Every structure is written in structure tokens, then in C-alpha cells.
Amino acid sequence: MTTMPKAYDFRATEQRLYEFWEQSGWFKPEAAKNPNAEPFVIAIPPPNVTGELHLGHAMFVSIEDLLIRYQRMKGRRALWIPGTDHAGIATQLQIEKMLRDEGTSREALGREEFLRRAWQWKDKYGGIITQQLRRLGASCDWERERFTLDDGLSRAVREAFVRLYEKGMIYRGTYLINWSPGLKTAVSDLEVEYNEEEVTLYFFKYPLKDSDEFIPVATVRPETILADTAVAVHPDDERYAKFIGRTALVPMLKREIPVIADEAVSREFGTGALKVTPGHDANDYEIGQRHKLPVISIMKPDATLTDEAGPYAGMDRFAAREQLWHDMQQARLTIKTQPYTTNVPRTQRGGEIVEPLISTQWFVRIKPLADQATQIVRDGQIRIIPERFEKVYFNWLDNIKDWCISRQLWWGHRIPVWYCENGHQFTGREDPTQCPECGSTQIEQDPDVLDTWFSSGLWPFSTLGWPDETDDFKTYYPTDVMETGYDILFFWVARMIMLGLDFTEEPPFHTIYLHGLVRDEHGRKMSKTLGNVTDPLTVMDEFGTDALRFTLLTGGTPGNDLNLAISRVASNRNFANKLWNAARFVIGNLNVTADGGRRTVDDEARTTTDERPITDEYVERYDLPSRWIRSRLNRTIHDVTGLLDDYQFGQAGTLAYEFVWGEYCDWYVEMSKLTLNGDDAAAKHNTLATLVHVLDQSLRLLHPFVPFVTEEVWQHLKRAGGEFTEDWDDALMISDWPKGGGFDDDAEQRINMLIEIVRAIRNARVEKKVEPSKKIAATIVVGDLQEEFAPLAEMIARLANVDEEQLYIETSITDKPKDSLALVVPGAEIYLSLAGMVDVGKERDRLEKELQQAEGDIIRLEKLLSGSFAERAPANVVEKERARLADAYARREKLAAEVEGMTQAM
RNA sequence: GGGCGAGUAGCUCAGUUGGUCAGAGCGCCUCGUUUACACCGAGGAGGUCGCGGGUUCGAGCCCUGCCUCGCCCACCA
């Protein structure tokens, strides 16, 4: 027998198989059988270089590897470009933490030393994440691995910046931006998150100059009073009309500011009067522009106050808030405080409150790029799956604001702009040594670096060698599918499209597939503080990579979040085991029958790529179950292929799963035992050929979903298969995708009926509590004689031996067997000899019920078919209903006769 | 304030041109060792498909209103 253990051991196979694949070079597109095949390319969403594997990674690897393996098997030159992202803020934070633990800081080290340490860190931890992607089975071409800060990509970033700069698409300016005091850098609008929080709303008096009167004002950030440059009221507000044009005094500072009127003030909110702080509030900034108000900035990068804050200079923003309020209370300038719920802006990374600050930063003029990016999707040149995200995409691009791309960090691509001592500003593809305008050699590079997303926005082409016209770029660009989480549609996807269109004049991919977030079992977001984080490595340790992958692929739908239920992972591990054991069965039989059971295999029997129609010869060759399973296989191949081409991965996987488990294992393997037990060598041979063929094709269908177990099983099958498998490829992963053959409706119909009959008998046996091992005699009446049913039904349903003439298959009978239990299924009647086991009264009730049901069906169907349904509904649908009606008539007749017979017997 | 998604068996979820669509897995109940598999096999219980209208011969599936939960965008101090 076989040496395969009873249970599939993924621990013993996964790593070995991955190394086998990778070392064979099959992850490279150059390994394609046809060197001129059409390429299929995916650029990986680059994980943070120092990141750790989480379920989001597992999700994208599952989907992208599925796509890549599928297209590879279909013969495309499949290329999955791997790589990592330097992830500016995230990585710099980690390095700074390390330095803090060492008792030093980036400031103490200086820029150069800091970067040296950062690269050291990257070299140490940068390999971990890619190692973990391998663990997931990712069939990336690792020889093409890239990193956003490597030389090639840095050159791409430089080129991109210079081009935009020269076109006037990049500018430097002083504006109100989002400032992160913790990170001490500007962040873009997207990096600010608003959370509803309980804060305090402070009401106070704005005193007027030369008067005892005051204007009541409310604010949630009292410290910004110090930067006020006006008090504004609504022009139509009678309460405050008299103050317009007068002068107010900033509390404690007694700085004189005007009282102005502006439509932007809401009369209903707070006191109806507004303090205007152009230096620290976006709306106020606009009001300030309208009224030409001065802009005062009271905050330094670390959120301590500047000299403008007078006595509060040097204090932290929150300390200053308290102190100022205290002082104002002393000065009787306060009115009251009250709790207030509002959206507080916090940085995505650090989590501290973002401060709107006036600052000089670099921006990309985004509108022209956004318009192009909108158009390309509207034109259908890029398709987004699921489609609803197109609306979200359009909405964001339509309201886009210029992109702040400078960051006050050290870890990243330094902005390639230099300033000379004479105030000239210039860029260059190469680092300059002197000013191109005045020739001064006293030049200094801008200290800032670029937003991480600037470099990732170039990813699909920078990884292929752009801006050079490399072979890779020419061959593999544009890529095909961009697969990633919907949460980075704006951050990353939109920017790749904008920059891709601008630099390469082509959409960087034609399809965007967005997956959802992986949540915990009950739909909660996974977080360390909640303690509900599922580590994919732990899951893989326990259930195997295939089980995790299959769960992620079939457990949800595109664009929707997925609640990961461990019980599903467990059941998918069981599925891997099922495949394993089906193979053990097949392989065991191959070995056992090595002597007498086999005869020479001809091409006809092997049929790994049969496209042929169902011929007489074919029908002659294969027994009914084999014809049935081959036909079902062909249908499954057809459907799974269609679903995959339509990006319906979950459906495709489920279908293949159900075929393998529910039809091949549950029925065909069982039925094959009959033939394998017999002594018809030719029949045995054909059944074995079918067992091998269907398993092989099923493994191919499933390989993109569960690559490890399918490869392992396939290798065992290949080794044991002898003449059946001698022309197979070296590995499943490089085998051809199944083409599928014709459908054998006749065989399907017959086996379906057999299955119905067997189910009815099994059901009756359990209901009547017949010993499982006890054989019972039966008569089966089927319209058209199905002699093949006898031995199959005998075996599967444990009916009495046909040779003892206790199992009859008839086309019709005149007298019902005595003391029998009647069962009626569509197209057949069954009489089980259960002498003495049947309670006639109960039995009559049961049949009565079935009779009523049949009558109900008849009434419903007659009504349906007499109405306009028959005219309006499609012909095939009507036909189906007609057939059901005919069957109901037949059932009614049989059942009525039964019931009557039993009533008399009583 | 605007937009989107979800609400289907106890739990986690499928269900794409409206016509066996009322399903799967897990859990539960009864049985069970026949050439693979107890990570198994056979059988079973369990749902008015969130609620109300409407369109249609026919609606989880389309339209409309409402309820609950979640998310995104905007951000009136």
C-alpha cells in the first residue's frame, strides 16, 4: 500500500514545496512554456519594510497569488513583482523608539548618522516580512524584488519630481497645513483622522476698546485666543450690529483687533460671534484672506508657544490653555464652560491632536492630474471591482485639494531642490555643485523628504525600470490588476493612476480589485488594545497556509469586510485532508491492481485535455458513474473558469470544493469501489483512469486557492500513476489549466436519479431504524430500465444481493411487493421489504402527507401554467415547470394507489 | 450634512442578468468501523431572507419609506 500517512501534514510539506518551486525558477515569467505568451502582471502592494505580517497581508497574498497562479497555468507569462515600502513616518518612529531605548535621539545623532542607523535597521528587519510572504505561498519573482528607497526607485522619484517641477506642477508655499507636533512634521489631509470626542466649550468675553461692553465668544481651543486677529459676527445679526467696525482687545494681551462682519459666521452656534484665528484654523484662514487680516502664529513645531504669545511663550499648548483660562477667570473675562462633543483631528500614526499651522511646504498642483484620473475610469479604461467604489473615487477626485508632499522627516527621499546664498532655487536630475543662475557654490539642499506615497505612487512602473526604457518596462508595463484594500484607494491607488497617466501616458493597470478589512469573529476591528488580534502565523501554525488562504478567499465578497471565524479555517484544513485521503484511495488502488488490473493505456483513456464530444465509443468505454463524474467535472471546469475570469473567487472556490467533496469523494469514489472490486480488467482500468483524471483536474482547479496541498497530492499521484501520469509536467504549479470536455446529459440524469433513490432508501432505513449493516430486499421501478442501478444501489444503499433475486429493477410492476415500504422519488418508485418493521397506520399517514403535497404542487403548477406565465416566461423555465407538473401527476397517482391499498389492508 | 455597506438557520457567511435560492461551514440531535479520510460517513432538527408598502404571472434578488449596526467624505468656532 501507500506510504502516505492517514492525515495530511502541512507542517512537513509547505516549506519544502515552496523551496522546490522557487529554486526551480517557476515564479519567473521567463519560465512560461510559450516565451511569447501575453504577460500577466501584478505589482504587489509593498508592505512596510519593517512591518510584521497581519491578516491584511494574508488577504492580499491569497487573492493576488490566486490570480497569478491561475494566469500562469493558463499559459500567460505571469509576473508578480514583490517589494517593500520605506514607510517614512512609521519606520522613522520605530527607529526613534529604538534610539530612545538606547538613551539617545535622532537630534543627538545628526542626520547622517541617523540614516546610517536607519539603513542598519532596515537591513536587519527588512527581510522578515518578505520571508513571511513566502510562508503564505506567494509566487513572486523574488529576483525582481524592489524597495522604494533603492537606487533605481530613488532615481524614478527624482525624475518624477523634476518633471513635475519643470512643468510647474510642483510649488513651494506658505499655507495653513496639518501639523503633527509629536512627529514634528506636516501631514496630508488624508493622514488626519477625526474622532468624536468629549471636549470643553469655553465661553468668554471679548472686551471692546474704550467701552465696558463685550462680545461673548465660544471656543474649544482657548489658547488660540492669543493668535486672534479679529472678532467676526454675522452681518445681519442685530445683537452685534453695533459692534461692527469697532475695536476689540485680545484678552490678557490687550492687542487691538477689529470687529468684522462675515457671512461665514453662524448666528445659531455658540454665542453667534466668532474669534478669528487665521494662523490656526482653516476656516478662519479663509475669513482672514477675505478681510486681509494679519496672520499670527503662536505655536512652534513642538506645540509650545512662541513669543507672540507674550507671557505664555514657551508653554506647551495645553498648559497654556489652562493658564490662560485661569488668568482670564481672574480678570473676569470668562463666562462659563460646558461639555461638548466634537470631531477632534488626530494624526493617523502618532495619535496626537493635529494642529493647523502656517508653514512653508511643497505641494503638487493636483487638479489637472485628478481630471485625467477621473476620465480614465469614466471611459472604462480602468475598471474598479466592486463597482460602487467608482463613486467614492470620483467624489474624492472631484473635491481634491493640492497635495502637501513635504515631510519634516529624515527617512525618505530628500526633496531634490537646492537654494543658493543668493536666494535662487533650483532642481536637477543630478546633485548640483553650483547654482545654475549665479554660479554660487554656496548651495544647500532642502532638508525635507517626500511623502511616502509619492514614491509608492510610481510603484507599477518604477519597479520595472522607469524612467529607463528597459526590457522589463517595455514587456510588462502596463500591469494588469491592482489588488489592494479599499482603505488605501485614495492614498495609493488614485495616486498611482494620476502619476502613471502623467508619466507613462498609460493607465498603470486595467482593473482594480478592492478587498475588505479582516475583522475578528464578531466584526470588531482587530486592535492590540482590544486584544483581539489574530496573528496569521499562529493560524498557519495550527491549520496550515492552505486553510487560511481558502478561508480568506471564500469567506467573503469583494469590498466587504470579512469576519474571520476560526471554525471555518478548521473546516478548510479538513478539506485539505479530504483531498489527501481521496488521493490515498486512488493511489492505493493503482498499486494494488498493478498486476492484473491494468492493461495498456491508450490515449483515449487518459484524456487529460479532452475537448471531445460524447461519442458512442466513449459511452461504450466508460461505465455510468465514470461518464457522470467526467461530465460533472467538465461542467465544474467550465463554471470555475468563468467565475475566476469574472473575479468571483469565492464562488469559484466554493464550487470546486463542493465538486470534490460532494460529488467526487461522496459518490464517485464510493461507486468506483464496485468496479475496482470486480474482475473486469478493462472496466477496472477505465475506472482507475477516471479516478486519476478527475482528481488531477480537480487539483488543477484548486491549485490557485490551496497551492500546497494540491501540489503535494499531485506529486504523490504523479509518482504512483505510472502510465496514467507519465506525460505530466514536473509540477502542478506549471501544469496547464483544465480545458474541460463535453457534457454528458444522459449520464448526469441517470446518476442524479440513482442518487435520489439511494437517498430515499437511506432516509427510510434510518427512519425505520434498520440496522445499518442489515441488507434489505427491494424492488425499484424506473420508467426506463436502468440495469446499472442494481449493483450500485445494492452496494451504496445496502440492499440485498441481486444474485439471490431479492433486488429487482423493473420498468413497471403489476403487483406491489407484500409488506413493503413504498418510496416515491421523481421518476422512480421504490418498494423496500421491511416485513414486520412497518407500522401500517403511521406509514399511511406519511404517504397521505406526501399525497397532499403532490396535490398542492399540482394546484399551484396548474394555476401557474394556465396564467400568462406560459406566454411571458422563457421557454426553458416554462418547460421545467411543465416537467414538474407531469411528475406531480405521476406521484399523485402512485401515492393515491398506495394510500388506498393500505387503507384496505387496515 | 452628504455618500456607501450590512441586517438570510444558534454562530460565521454564500446567493450578479427577478423563475428549485431558501444554501454552505461550524454548532446541535440520532446512528455508524463497508478498499481513503473520526480533520470521517449516513440521516435529522433549525430561517415569515430587518420591517411596511409597491412593480411583476413570479422578488432575499427591482422601486419606495422606515428601523438597527458599521464605514467613508465634509468638519461651525
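So you know, we letter chains A, B, ... as the sequences are listed, proteins then strands, and number each from 1. Bear in mind that the values here come from a model prediction, so they are computed numbers and not experimental data.
Between the side chain of A:Lys578 and the base of B:C37 there is at least one donor-acceptor pair of N/O atoms closer than 3.5 Å. No hydrogens or angles were tested; on distance alone, a donor-acceptor pair under 3.5 Å links the side chain of A:Glu670 to the base of B:A36. You'll find a donor-acceptor pair under 3.5 Å spanning the side chain of A:Gln648 and the base of B:U16, going by distance alone. A donor-acceptor contact under 3.5 angstrom links the side-chain atoms of A:Asn343 to the base of B:C75.
Closest of all the heavy-atom pairs between A:Gly288 and A:Pro278 is CA-CG, 4.2 Å.
To the nearest whole angstrom, the two C1' atoms, one in B:A22 and one in B:U8, are 9 Å apart. Here, B:G65 and B:C72 have their C1' atoms 24 Å apart, quoted to the whole Å. To the nearest whole angstrom, the two C1' atoms, one in B:G41 and one in B:U16, are 35 Å apart. Taking atom P in both B:C21 and B:G27, the straight-line distance is 26 Å, to the nearest Å. For the P atoms, the distance from B:C61 to B:U55 is 15 Å, rounded to whole Å. Separation of the P atoms belonging to B:C51 and B:C67 is 15 Å when rounded to the nearest angstrom. If you take atom P in B:C4 and the same atom in B:A42, they sit 46 Å apart, rounded to whole Å. Rounded to whole Å, the P atom of B:U33 lies 15 Å from the corresponding atom of B:C37.
Residue A:Thr551 forms a side-chain contact (heavy atoms from CB on, under 4.5 Å) with just one option from A:Leu564, A:Val539, A:Asp546, and that option is A:Leu564. Just one residue in the list A:Leu489, A:Val493, A:Ile512 forms a side-chain contact (heavy atoms from CB on, under 4.5 Å) with A:Thr484, and that residue is A:Val493.
Close to B:C4, at under 4.0 Å from its OP1 or OP2, lies no side-chain N or O of A:Tyr486. Within the structure, every side-chain polar atom (N or O) of A:Asn395 is placed at least 4.0 Å from both OP1 and OP2 of B:C73.
Atom CG in A:Asn572 sits about 12 Å away from atom C1' in B:C39, given to the nearest Å. Look at OH on A:Tyr657: it is 16 Å from P on B:A14, rounded to the nearest Å. For A:Met671 and B:U34, the CE to P distance is 20 Å, given to the nearest whole Å. Rounded to an integer number of Å, the gap from A:Ile400 CD1 to B:A74 C1' is 15 Å.
Residue-level contact check: A:Lys769 touches neither bases nor backbone, having no heavy atom under 4.0 Å from any strand. Here A:Asp666 lies in heavy-atom contact (under 4.0 Å) with sugar-phosphate atoms only. Counting non-hydrogen atoms under 4.0 angstrom, A:Arg762 reaches the backbone sugars and phosphates but no base. Residue-level contact check: A:Thr342 touches the backbone only, with heavy atoms under 4.0 Å from sugar-phosphate atoms and none from bases. Across all strands shown, A:Val220 has heavy atoms under 4.0 Å from sugar-phosphate atoms exclusively, and none from any base. A:Thr557 comes within 4.0 angstrom of sugar-phosphate atoms only, judged by non-hydrogen atoms across all strands, and of no base.
Under the 6.0 Å cut-off for aromatic ring centres, A:Tyr668 and A:Phe659 do not qualify, their centroids lying 6.0 Å or more apart.
One distance of note links CD1 of A:Ile260 with NE2 of A:His291; it measures 4.0 Å at 0.5 Å rounding.
Using a 4.5 Å heavy-atom threshold, the side chains of A:Glu191 and A:Phe491 count as touching.
Heavy atoms from other residues, nucleotides or ligands lying under 6.0 Å from CD of A:Glu193 number more than 12.
Side-chain contact check for A:Lys336 and A:Thr334: no donor-acceptor pair (N or O, by modelled atom type) lies under 3.5 Å.
Base-pairing analysis of RNA chain B finds the following stems of at least three consecutive Watson-Crick or G-U pairs, with both pairing distances under 3.5 Å: B:1-7 with B:67-73, B:10-13 with B:23-26, B:28-32 with B:40-44, B:50-54 with B:62-66.
Between A:Phe550 and A:Tyr657, the ring planes are parallel. Angles under 30° get that label, and only those over 60° would be called perpendicular.
Comparing A:Lys525 and A:Ala582 by the nucleotide of RNA chain B that holds the closest heavy atom to each, the one mapping nearer the 5' end is A:Ala582.
Base orientation at B:G60 is syn, since its O4'-C1' glycosidic dihedral falls within 90° of 0.
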